[in-house]
Amino acid sequence: MVRERTFIAVKPDGVQRGLTGEIIKRFEAKGFKLVGMKFMQATEDHLKKHYADLADKPFYAGLCKYMSSGPLVAMCWEGTGVVKTARTMMGETRPADSKPGTIRGDFCIEVGRNIIHGSDSVESANKEVALWFKPEELFSWTQSNETWIYE
């Protein structure tokens with residue numbers, strides 16, 4: 001069974017609003033496994049690397065500045081189809097387009113305060129996990145309920 005890893009970050013607005021636990025709860029309840037987590041304040045330089053693919057967008061500088069304005073929670077989650085499923089769980093980038101039951105649909109109003117980032121592809125996930133975590137900061141472990149989640 002191929003298990004992917006994805007990068008998820010609770011953005012500064014999500015941390016300030018006390019939504020970190022709720023977000024973790026949703027991923028755990030789905031059956032995904034947390035293999036790395038950091039509570040940190042990212043530098044603008046680090047965020048410029050993370051959002052390099054958006055460098056030509058008019059909102060790029062403001063995004064990097066905002067994301068470095070307060071602490072965030074960087075996480076690596078593992079599971080079958082975790083990249084695609086996490087994107088579905090998060091909802092659309094624009095909260096107004098997100099369905100109720102998704103993280104953004106339930107907790108967000110503005111696109112600039114959409115509380116969560118998630119990798120958009122397996123390739124992006126691999127790059128983002130490597131950018132945010134050293135190999136020794138990620139853990140391989142067996143969940144006791146794994147046989148109840150996977151066939």
Side-chain angles (χ1 to χ4, degrees), residues 1-57 59-93 98 102-104 106-108 111-151:
M1 189 175 332
V2 177
R3 306 260 172 96
E4 301 169 350
R5 286 184 171 179
T6 196
F7 176 74
I8 300 291
V10 180
K11 295 179 178 182
D13 55 316
V15 171
Q16 290 292 336
R17 292 179 56 199
L19 296 171
T20 303
E22 174 66 28
I23 291 168
I24 291 170
K25 177 182 169 186
R26 288 181 182 217
F27 282 92
E28 285 183 328
K30 182 69 176 175
F32 293 128
K33 179 168 56 174
L34 184 62
V35 296
M37 183 167 68
K38 294 180 186 181
F39 183 67
M40 61 186 290
Q41 187 153 350
T43 66
E44 277 193 62
D45 286 340
H46 188 85
L47 291 157
K48 286 178 182 176
K49 291 176 191 169
H50 177 82
Y51 289 116
D53 61 320
L54 302 175
D56 61 341
K57 303 289 185 190
F59 58 83
Y60 172 73
L63 175 63
C64 293
K65 184 175 175 132
Y66 169 69
M67 288 292 292
S68 66
S69 69
L72 58 80
V73 178
M75 296 177 280
C76 180
W77 289 89
E78 183 178 278
T80 302
V82 70
V83 174
K84 182 179 178 185
T85 303
R87 296 289 295 181
T88 300
M89 291 171 63
M90 287 169 35
E92 301 298 321
T93 301
S98 296
T102 65
I103 293 166
R104 290 176 176 149
D106 290 349
F107 301 114
C108 305
V111 69
R113 299 293 184 265
N114 66 6
I115 74 169
I116 190 168
H117 167 86
S119 303
D120 62 5
S121 69
V122 173
E123 282 182 56
S124 293
N126 292 336
K127 289 178 191 171
E128 292 175 356
V129 168
L131 178 64
W132 290 85
F133 292 94
K134 297 174 189 169
E136 64 270 15
E137 294 174 322
L138 299 173
F139 297 88
S140 292
W141 61 286
T142 302
Q143 283 178 289
S144 61
N145 63 352
E146 196 166 303
T147 58
W148 298 106
I149 296 169
Y150 296 103
E151 293 183 70

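We number each residue from 1, following the sequence as shown.
Counting heavy atoms from C-beta outward, E123 and N126 have side chains that stay 4.5 Å or more apart. Counting heavy atoms from C-beta outward, P71 and M40 have side chains that stay 4.5 Å or more apart. Side-chain contact between V35 and F133: absent, with no pair of heavy atoms (C-beta onward) separated by less than 4.5 Å. Proximity of F139 to L34: side-chain heavy atoms (C-beta onward) are nowhere separated by under 4.5 Å. Here the side chains of V15 and V73 are in contact, with some heavy-atom distance below 4.5 Å. Side-chain atoms of D106 and E22, non-hydrogen and from C-beta on, never get closer than 4.5 Å to each other. Under the 4.5 Å side-chain criterion, counting only non-hydrogen atoms from C-beta, L131 is in contact with H46. Side chains of W141 and E78 form no contact here, defined as non-hydrogen atoms less than 4.5 Å apart.
Annotation: side-chain hydrogen bond (donor to acceptor under 3.5 Å, both in side chains) contacts of D120 (sequence neighbours excluded): S124. Partners of F7 under the ring pair (Phe, Tyr, Trp, His ring centres under 6.0 Å) rule, at least two apart in sequence or in another chain, are H50, H117, W132.
Shortest non-hydrogen contact noted between P12 and G70 is CG-O, 3.7 Å. Minimum interatomic distance between A125 and V83 (heavy atoms only, all atoms of both residues): CB-CG2, 4.0 Å. Taking every heavy atom of both residues into account, G36 and L138 meet most closely at CA-CD2, 4.0 Å. The nearest pair of heavy atoms linking G31 to Y150 is O-OH, 4.4 Å. Among all heavy-atom pairs drawn from M90 and G118, the shortest one is CE-N, 3.4 Å.
Taking 4.0 Å as the cut-off between side-chain N and carboxylate O, R5 and E128 do not count as a salt-bridged pair.
Not one N or O on the side chain of E28 forms a donor-acceptor pair closer than 3.5 Å with the backbone of K25. Judged by distance alone, with hydrogens and angles left aside, the side-chain atoms of Y66 form no donor-acceptor pair with the main-chain N or O of K11 at under 3.5 Å. With hydrogens and angles ignored, the 3.5 Å screen pairs no side-chain donor or acceptor of T102 with any backbone N or O of S98. Between the Q41 side chain and the S68 main chain, a donor and an acceptor come within less than 3.5 Å of each other. Put simply, the side chain of R104 gets close to the backbone of I116: a donor and an acceptor are under 3.5 Å apart. With hydrogens and angles disregarded, a donor-acceptor distance shorter than 3.5 Å links the side chain of R17 to the backbone of F107.
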- [ ] Evaluate the criterion salt bridge (Lys or Arg N to Asp or Glu O under 4.0 Å) for residue pair E44 and K65; output intermediate values, then yes/no.
- [x] CA-CA 6 Å; E44 277 193 62; K65 184 175 175 132; 5.7 Å; no

Task: side-chain contact (heavy atoms from CB on, under 4.5 Å) between T43 and K48, intermediate numbers included - done: CA-CA 9 Å; T43 66; K48 286 178 182 176; over 6 Å; no

TODO: In sequence, state the C-alpha distance, the side-chain angles, and the governing distance for K57 and L63, and then conclude on side-chain contact (heavy atoms from CB on, under 4.5 Å).
DONE: CA-CA 10 Å; K57 303 289 185 190; L63 175 63; over 6 Å; no

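Residue W148 holds its CH2 atom at 14.5 Å from CD of Q143, rounded to the nearest 0.5 Å. Distance CH2/W77 to NZ/K33: 11.5 Å, rounded to 0.5 Å. From C76, atom SG reaches atom CD1 of I8 across 9.5 Å, with rounding to the nearest 0.5 Å. I115 CD1 to T20 OG1: the interatomic distance, rounded to the nearest 0.5 Å, is 9.0 Å. Interatomic distance, CE of M67 versus CG of D13, reported as 8.5 Å (0.5 Å rounding).
The cationic group of R26 does not satisfy the cation-pi geometry with F32, failing either the under 6.0 Å distance to the six-membered ring centre or the 45° limit from the ring axis.
Around NZ of K127, the count of heavy atoms belonging to other residues, nucleotides or ligands within 6.0 Å does not exceed 12.
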